[in-house]
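Before any comments, here is the structure.
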Amino acid sequence: MKKILAVIDAVNFKESQLDVITSITSLQENALTLLFLEDTKSASQLLSATSLEGFTAGYYEKIRESEHEKHELIEDNYTAIKKACKEKGLFCTIKNIKGVAEDEVINESRFADLLIIGKALSFPFLYDTDPSGFVKNILIHAECPVMVLPETPHLINGVALCYNGTYASMYAIREFAALFPALLLKHTEILYVCEKGEKNIPQKEHLQEYLKTYDTHLSYKILNGQADKAIQEYLDEKTNLIGTFGAYGRSRVSRFFNSSSADNILRNLKGPVFITHPSGH
């Protein structure tokens, strides 16, 4: 059994988020914990003395009222998420957390086997980009593998292992295999993008030998073109597969693809992706 964490924004909870999470957690027996997270960074900054300089006392009161309304909303969402989990038969622990969103999630990830986040997940004061600043920072600093999910759930029946012969790409494959061995049995593809005209998959025999220990029947897909675009186009048609990627935002040596390429893939995400990086925090 593996410990899996899934992040829920306590202010912006939607029941559909649980459906997407369930589409992944149902693939493997696990101990699921929902991190019901209230980010306090925005409130503390807005209510600080420096932030309030030049504002009238009336404005201050409006902020106070807004915070009160937010807390009522969080209480309602907590009731709603408990009810939804029960109705969906989703057995999990709900952990209420207050603090700086990024810091809290990164700390929790140290004690988990997998962290699940939604593609669009964000919090106030983490100025939104696409993918959001929150998602980017978590991918860089998380201390366990991260699964990034689209907003719409898909039936998952296999995996596309992105591989280019590097340690980072193989590390991601090993981590995924340890977490979802049963999924490898269903359907496993190796995606390789020809780089610098090299059409031969690096150390293919070693890769086959390793995955054979999982009784995996492999198929190979050789892609051409720019790595991120080629992979994106392929996975767009394979939303039933989880794509694995090695490294995000680490050194150039360890990256499977650079952060800008990763951002392109995440921006247009239609199916789930699994991202990790070699240990060494």
* Decide if atom CD of Glu237 counts as having more than 12 heavy atoms of other residues, nucleotides or ligands within a radius under 6.0 Å. => no
* To do: Examine the side chains of Gln226 and Asp228 and answer whether a donor and an acceptor come within less than 3.5 Å of each other.
  => yes
* By ring pair (Phe, Tyr, Trp, His ring centres under 6.0 Å), which residues pair with Phe111, not counting sequence neighbours? -> none
* Kindly write out the residues that satisfy side chain to side chain contact (heavy atoms under 4.5 Å, CB included) with Phe91, not counting sequence neighbours, or none if the list is empty. => none
* Asked: CG/Leu27 to CG/Leu179 distance, rounded to the nearest 0.5 angstrom?
  -> 11.0 Å
* Asked: If every non-hydrogen atom of Val100 is compared with every non-hydrogen atom of Thr40, which pair is closest and at what distance?
  -> N-OG1, 4.0 Å
* What distance separates Leu191 CG from Ile201 CD1, expressed to the nearest 0.5 Å? -> 9.5 Å
* To do: Decide yes or no for Leu37 and Ile8: does some side-chain heavy atom of the first lie under 4.5 Å from some side-chain heavy atom of the second?
  => no
* Only one of Ile106, Leu115, Leu114 passes side-chain contact (heavy atoms from CB on, under 4.5 Å) with Cys144; say which it is. => Leu115
* Which atom of Val11 lies closest to which atom of Asn77, heavy atoms considered -> O-ND2, 3.2 Å
* Quick one: list whatever passes side chain to side chain contact (heavy atoms under 4.5 Å, CB included) with Asn157, sequence neighbours left out. => Asn240, Leu241
* **Inter- and intrachain pairs under side-chain hydrogen bond (donor to acceptor under 3.5 Å, both in side chains), touching residues 178-188, at least two apart** => His187-Glu189
* Asked: Do Lys204 and Tyr220 meet the cation-pi criteria used here (NZ or CZ under 6.0 Å from the six-membered ring centre, within 45° of the axis)?
  -> yes
* Structure fact -> Scanning both residues in full, the closest heavy-atom pair of Pro272 with Pro150 reads N-CD, 3.8 Å
* To do: Applying side-chain hydrogen bond (donor to acceptor under 3.5 Å, both in side chains), name anything that partners Asn200, two or more places apart in sequence or on another chain.
  => Glu198
* Asked: How would you list, by chain and number, every residue that makes a side chain to side chain contact (heavy atoms under 4.5 Å, CB included) with Lys212, sequence neighbours excluded?
  -> none
* Find out whether Ile156 and Leu183 are in side-chain contact, i.e. whether some heavy atom of one side chain is under 4.5 Å from a heavy atom of the other. => yes
* Asked: Is any side-chain heavy atom of Leu35 closer than 4.5 Å to a side-chain heavy atom of Glu104?
  -> no
* To do: To the nearest 0.5 angstrom, please state how far the CG atom of Leu18 sits from the CD atom of Glu87.
  => 10.5 Å
* Heavy-atom side-chain proximity of Ser169 to Phe245 below 4.5 angstrom -> no
* Going from CG on Asp76 to CD1 on Ile81, what distance comes out if it is rounded to the nearest 0.5 angstrom? -> 13.0 Å
* Do Ile116 and Ile24 have side-chain heavy atoms sitting under 4.5 Å apart? -> yes
* Rounded to the nearest 0.5 Å, what's the gap from SG on Cys92 to NZ on Lys86? Could you check? => 13.0 Å
* Structure fact -> Contacts satisfying side-chain hydrogen bond (donor to acceptor under 3.5 Å, both in side chains) that involve residues 18-30 (not counting sequence neighbours) are Asp19-Lys88
* Asked: Side chains of Val146 and Ile117: does their closest heavy-atom pair fall under 4.5 Å?
  -> yes
* To do: Sequence neighbours left out, what passes side-chain hydrogen bond (donor to acceptor under 3.5 Å, both in side chains) with Glu151? Give chain and number order.
  => none
* To do: Tell me, with the steps shown, if Ile4 and Asp113 meet side chain to side chain contact (heavy atoms under 4.5 Å, CB included).
  => CA-CA 6 Å; Ile4 297 179; Asp113 296 299; 5.7 Å; no
* To do: Identify, with sequence neighbours excluded, every residue that meets ring pair (Phe, Tyr, Trp, His ring centres under 6.0 Å) alongside Phe36.
  => Tyr78
* Asked: Looking only at heavy atoms, what is the nearest atom pair of Cys162 and Thr244, with distance?
  -> CB-O, 3.0 Å
* Pairwise distance CD1(Ile275) to CD1(Ile138) - rounded to 0.5 angstrom -> 12.5 Å
* Is there a donor-acceptor pair under 3.5 Å between the side chain of Asn107 and the backbone N or O of Asp103? -> no
* To do: For Leu149 and Lys119, run side chain to side chain contact (heavy atoms under 4.5 Å, CB included): C-alpha distance rounded to whole Å, both residues' side-chain angles, the deciding distance at 0.1 Å, then the answer.
  => CA-CA 6 Å; Leu149 303 182; Lys119 167 196 169 184; over 6 Å; no
* Partners passing side chain to side chain contact (heavy atoms under 4.5 Å, CB included) against Glu175 (at least two apart in sequence or in another chain) -> Pro145, Tyr171, Phe274, Thr276
* Taking only residues two or more places apart in sequence or in another chain, which ones pass salt bridge (Lys or Arg N to Asp or Glu O under 4.0 Å) with Glu108? -> Lys95
* Under the 3.5 angstrom rule, does the side chain of Glu72 hit a backbone N or O of Glu69 as a donor-acceptor pair? -> no
* Are Ile94 and Phe13 co-members of a hydrophobic cluster defined by side-chain heavy atoms under 4.5 Å apart? -> yes
* **Closest approach of Tyr210 to Arg174 (non-hydrogen atoms, all atoms of both residues)** => OH-CG, 3.4 Å
* With the 4.5 Å side-chain cut-off for hydrophobic clustering, are Ile222 and Leu207 part of the same group? -> yes
* To do: Check whether any side-chain heavy atom of Phe180 lies under 4.5 Å from a side-chain heavy atom of Val159, and answer yes or no.
  => no
* Worked verdict on Lys14 versus Gln17 for side chain to side chain contact (heavy atoms under 4.5 Å, CB included) -> CA-CA 6 Å; Lys14 296 178 182 178; Gln17 294 168 343; 4.2 Å; yes
* Exam field: side chain Thr239 to backbone Leu235, donor-acceptor pair closer than 3.5 Å -> no
* **Main-chain N/O of Lys270 paired with His154 side-chain donor or acceptor, under 3.5 Å** => yes
* Asked: When you look at Asp39 and Asp9, which way does the side chain to side chain contact (heavy atoms under 4.5 Å, CB included) test go after all the steps?
  -> CA-CA 8 Å; Asp39 179 52; Asp9 182 351; over 6 Å; no
* Taking all heavy atoms of Asn224 and all of Ala230, pick out the closest pair and write down the distance. => O-CB, 3.5 Å
* pair Leu223-Cys194: side-chain heavy atoms closer than 4.5 Å -> no
* Partners meeting side-chain hydrogen bond (donor to acceptor under 3.5 Å, both in side chains) with His71 (sequence neighbours left out) -> Glu38
* Do Gln203 and Tyr163 have side-chain N/O donor and acceptor atoms under 3.5 Å apart? -> no
